[in-house]
2 protein chains.
Amino acid sequence: MRTPDRPTIADVAATAGVGTGTVSRVLNGGVNVRESTRLKVLEVIKRLGYRPSHLAAALSRGSARTVAILVPHLTRPSTVARLAGALAVLDEQRYDTIVCNVDTREQRDHHLAALTARHRADGVIVVSIYLDKQHLEAFHRGAIPLVTVDAVAAGVPQTIIDDMAGGRLATAHLLELGHRRIGFVGDAIPRGEPDLGFTSSRRRLLGYRRELAAAGIDPDPELVRLGPHGPAVAAELADQLLRLPDPPTAIFAASDTQAMGVLSAAERRGFPVPGKLSVVGFDDIESAALLNLSTVRQPLEHSGGEGARRLCALLHGAKVRPIRQQLPLRIVRRSSSARPGLDLPGGGPSHLFAADASRMPDERGRSRSHAFRRVSDIRLGGQNACRMEWVA
Amino acid sequence: MRTPDRPTIADVAATAGVGTGTVSRVLNGGVNVRESTRLKVLEVIKRLGYRPSHLAAALSRGSARTVAILVPHLTRPSTVARLAGALAVLDEQRYDTIVCNVDTREQRDHHLAALTARHRADGVIVVSIYLDKQHLEAFHRGAIPLVTVDAVAAGVPQTIIDDMAGGRLATAHLLELGHRRIGFVGDAIPRGEPDLGFTSSRRRLLGYRRELAAAGIDPDPELVRLGPHGPAVAAELADQLLRLPDPPTAIFAASDTQAMGVLSAAERRGFPVPGKLSVVGFDDIESAALLNLSTVRQPLEHSGGEGARRLCALLHGAKVRPIRQQLPLRIVRRSSSARPGLDLPGGGPSHLFAADASRMPDERGRSRSHAFRRVSDIRLGGQNACRMEWVA
DNA sequence: GTGAAAGCGCTAACAC
DNA sequence: GTGTTAGCGCTTTCAC
């Protein structure tokens with residue numbers, strides 16, 4: 001056994017000359033306790049530096065109010081937006097959240113096994129990760145409350161978008177502008193390095209094809225380029241497209257991150273955007289607004305929040321309806337897409353960063369309109385600075 | 001009491017016809033258990049769908065192997081990089097991590113109170129948040145293992161950078177290029193909305209001033225503009241600078257995010273970068289490489305990892321040295337900064353995205369050089385696509 | 001090797 | 001109002 005170090009509730013009770021039940025009552029709400037007793041107990045707690053054990057309380061109470069959230073590639077802007085949305089809700093609902101970041105299949109399986117084999121969390125949120133039969137079966141057997149976000153899973157409450165429709169949306173937007181040769185840059189699983197089961201890029205590609213077909217355009221396999229996710233790879237893929245004898249006049253990228261790579265390639269190859277090349281992304285991450293990237297917006301933060309909310313409902317014993325919650329998509333038209341053949345002599349100014357910055361979203365998607373006023377020349381670090389007051 | 005629902009170790013023991021101790025041994029390592037017994041117990045566990053309670057085990061064992069990490073503004077790229085770094089280490093050390101995101105002082109104090117008032121986590125990592133005497137005292141009283149990352153705190157193991165030196169580095173870089181009128185865009189606390197105690201922008205400003213002074217340049221208060229963190233505000237502040245009768249030829253932004261706002265403003269005002277305006281940021285987030293932003297690189301992910309490592313050491317009962325761990329800084333020269341007066345007739349191509357994309361970092365800062373090879377025209381979604389194989 | 005039993009630190013009935 | 005006590009579900013001696 002360990003050395004008895006930290007004071008326990010019994011120590012407090014003894015010192016205060018009361019029973020442990022009373023101390024417990026003081027700790028939780030303090031109802032049915034005489035004020036003088038309460039004060040005395042509180043005083044002893046402070047004096048002894050007593051800190052109740054969450055572990056013991058949770059065990060005794062029968063619930064830890066802890067959930068786990070499994071996210072892939074934490075550093076991706078879309079992932080972190082979803083995570084933030086979930087955390088906000090869970091925080092408000094007073095749940096602690098264990099975050100499991102996953103970059104490989106091994107990590108995924110490791111965390112999934114840990115979460116299902118033992119009772120670690122009251123419930124689990126799985127984000128953008130494909131769960132196979134085995135995984136689902138494990139959750140089912142353990143009767144572990146589970147929801148997914150951005151991932152379909154049979155019988156599991158899920159918050160998703162229609163990626164196929166999104167692909168059509170983006171493509172339709174470009175078709176509408178008059179483009180006929182439209183390229184696609186998206187994800188492919190690197191050889192021998194199977195991914196986490198992301199399927200969104202593939203479904204967006206499907207939408208792209210459907211929409212082209214609907215417009216009576218013959219699909220040109222040359223115009224579809226797939227590679228591992230990331231801006232650098234996307235740039236290379238786009239570069240391949242731009243080097244084609246008959247390059248596309250527009251490129252639809254499966255994510256904003258990849259669209260940024262496409263923009264990069266366009267700049268390098270001397271394809272002014274949108275003059276000579278239109279670009280459309282997907283997600284509407286914060287940088288998209290900054291770069292004036294036309295894109296298909298999906299409610300990222302909201303999706304995380306909804307997943308969390310639905311898990312909470314599940315934990316309350318409520319039925320969650322509908323099982324498959326589909327969030328809306330919409331095209332956001334910015335200046336990276338325009339009619340083809342707009343190429344101005346001299347190239348014209350790049351569209352990048354060209355919009356009214358005062359309408360860009362700042363922290364957490366809140367869009368602000370700004371007004372600044374010089375308040376004073378304040379002293380900062382021993383010297384003067386011009387301090388601007390921000391007025392909402 | 002609750003209804004006895006989930007099977008317990010006692011159920012398993014009874015069903016298997018063994019004692020609970022044996023089941024426990026099977027669960028943990030399985031030493032000193034006859035193979036036949038082990039197998040039988042395992043079989044019963046599976047049959048009953050028994051899942052050991054982490055809570056009970058942790059309580060009995062005396063440790064939950066759980067740490068908490070407090071981060072501000074989770075969605076900021078620099079924050080998420082630090083978090084990812086910490087999670088990677090904690091994961092490897094087999095700690096579960098409770099993530100607390102904090103956007104306001106109230107949230108900060110709420111989480112800090114929760115973490116110190118009760119024994120929830122074995123240790124705490126505080127990232128980029130200023131802890132005042134009260135906070136520190138609470139940790140001290142509770143003898144709660146604590147480390148900070150990107151935040152100074154008396155007597156607490158901390159992993160930091162020298163922001164002042166970083167400010168000098170950026171400024172020196174611009175001075176070296178020949179700039180004399182250098183603007184600064186950084187953070188100021190919005191009125192009546194005190195922040196989380198970020199101090200880095202202020203210290204970078206200090207470095208900027210020191211370096212200017214060392215170069216014998218009179219500080220011009222007009223050239224220093226402060227406002228709430230974010231690209232939109234930074235764009236507005238930069239715009240104010242560019243509208244000055246005698247605008248700066250270079251701007252140092254206190255973060256890459258703000259530098260992106262500065263780039264945006266430059267584009268709008270028709271200040272080609274770096275022809276008419278040089279821009280230097282701070283952090284070297286992923287987008288910085290993509291945008292060819294010159295910047296002061298700090299090891300973000302590594303800082304989180306180091307914080308985690310040091311907390312683990314603390315939890316092992318080891319002494320952590322040095323208390324103040326300072327990580328290196330270096331200037332990264334990209335094409336957003338150049339000699340002043342390089343403005344080409346016609347504006348010239350924007351520097352943005354102009355670099356060799358194949359040297360951009362992809363996932364998690366790994367820098368890759370690329371080689372693609374067309375592998376095959378594979379079938380995807382019922383149609384052909386050109387699949388590229390990526391060769392390292 | 002294995003079972004019995006004593007905790008781990010708390011909550012919640014229950015009696016007074 | 002308050003003290004007592006029986007668990008919560010596990011780990012870990014300690015005999016056998």
Side-chain angles (χ1 to χ4, degrees), chain A residues 1-42 44-45 48-66 117-122 142, chain B residues 1-42 44-45 48-66 117-122 142:
Chain A
M1 285 286 128
R2 303 168 314 118
T3 57
D5 23 22
R6 312 190 308 106
T8 73
I9 199 172
D11 298 328
V12 174
T15 308
V18 300
T20 61
T22 300
V23 178
S24 179
R25 268 169 237 133
V26 169
L27 252 25
N28 313 304
V31 289
N32 280 17
V33 179
R34 194 189 302 142
E35 185 62 10
S36 62
T37 313
R38 207 179 69 84
L39 257 35
K40 170 172 216 127
V41 170
L42 251 21
V44 172
I45 286 177
L48 263 44
Y50 167 68
R51 299 195 307 138
S53 157
H54 169 85
L55 237 41
L59 175 61
S60 176
R61 195 186 306 113
S63 148
R65 277 197 100 72
T66 300
R118 316 181 77 96
H119 182 73
R120 178 66 179 102
D122 301 340
Chain B
M1 285 287 125
R2 304 169 314 115
T3 57
D5 24 22
R6 311 191 308 106
T8 74
I9 198 172
D11 298 328
V12 174
T15 309
V18 300
T20 61
T22 300
V23 177
S24 178
R25 269 169 237 131
V26 170
L27 251 27
N28 312 304
V31 289
N32 280 19
V33 179
R34 195 189 304 143
E35 184 62 8
S36 63
T37 314
R38 205 180 71 86
L39 257 36
K40 169 173 216 126
V41 169
L42 250 23
V44 172
I45 285 177
L48 264 44
Y50 167 67
R51 299 196 308 138
S53 157
H54 170 86
L55 237 40
L59 175 62
S60 177
R61 196 186 307 114
S63 148
R65 276 196 99 72
T66 301
R118 318 181 75 97
H119 182 75
R120 177 66 179 101
D122 301 340

Nearest-nucleotide pick for B:Leu59, side chain only, options being C:dC10, C:dG9, D:dC10: C:dG9
Measure CG/A:Leu55 against C1'/D:dC10 and give the value in whole Å, please. 11 Å
At 4.0 Å (heavy atoms only), tell me whether A:Gly30 reaches a base, stays on the sugar-phosphate, or touches nothing. nothing
Would you find a donor on one side and an acceptor on the other, under 3.5 Å apart, between the side chain of A:Thr15 and the backbone of A:Asp11? yes
Taking the nucleotide of DNA chain C with the closest heavy atom to each, which residue, B:Ala56 or B:Gly19, is nearer the 5' end? B:Gly19
Taking all non-hydrogen atoms of both residues, which atom of A:Asp122 and which atom of A:Ser63 are closest, and how far apart? OD2-OG, 3.7 Å
Side chain of A:Thr8: nearest nucleotide among C:dG9, D:dT2, C:dA12? C:dG9
Let me know the distance between CZ of A:Arg118 and P of D:dG9, rounded to the nearest Å. 15 Å
Find the distance B:Arg34:CZ to C:dG3:C1' and express it as a whole number of Å. 13 Å
Without decimals, in angstroms, what is the distance between B:Asn32 CG and C:dG3 P? 13 Å
Roughly, in whole Å, what's the span from OH in B:Tyr50 to C1' in D:dG9? 7 Å
Side-chain N or O of A:Ser53 versus OP1/OP2 of C:dC8: is the shortest distance under 4.0 Å? no
Within the pair A:Ser24 and C:dC10, is there a side-chain N or O less than 4.0 Å away from OP1 or OP2? no
Does B:Thr37 put a side-chain nitrogen or oxygen below 4.0 Å from OP1 or OP2 of C:dT2? yes
Rounded to the nearest Å, what distance is computed from the CG atom of residue A:Asp11 to the P atom of nucleotide C:dC8? 10 Å
Side-chain N or O of A:Asn28 less than 4.0 angstrom from OP1 or OP2 on C:dT11? yes
How is B:Val23 classified with respect to the nucleic acid when contacts are heavy atoms under 4.0 Å: base, sugar-phosphate, or nothing? nothing
Return the value, rounded to whole Å, for the distance between atom NE2 of A:His54 and atom P of C:dT11. 11 Å
Side chain to side chain contact (heavy atoms under 4.5 Å, CB included) evaluation trace for B:Lys40 with B:Val26: CA-CA 10 Å; B:Lys40 169 173 216 126; B:Val26 170; over 6 Å; no
Report yes if the side chains of A:Tyr50 and A:Leu27 come closer than 4.5 Å at any heavy-atom pair, otherwise no. yes
Looking at every heavy atom in both B:Asn28 and A:Arg118, which two are closest together, and how far apart are they? OD1-NH2, 4.2 Å
Under 4.0 angstrom, heavy atoms only, what part of the nucleic acid is A:Gly29 near: base, sugar-phosphate, or nothing? nothing
Could you tell me whether the phosphate oxygens of C:dG9, OP1 or OP2, come under 4.0 Å of any side-chain nitrogen or oxygen in A:Ser60? no
When you measure from the side-chain N and O atoms of B:Arg25 to the phosphate of C:dG1, is any distance below 4.0 Å, counting only OP1 and OP2? no
Please give, in whole Å, the distance from C:dT11 P to A:Arg65 CZ? 15 Å
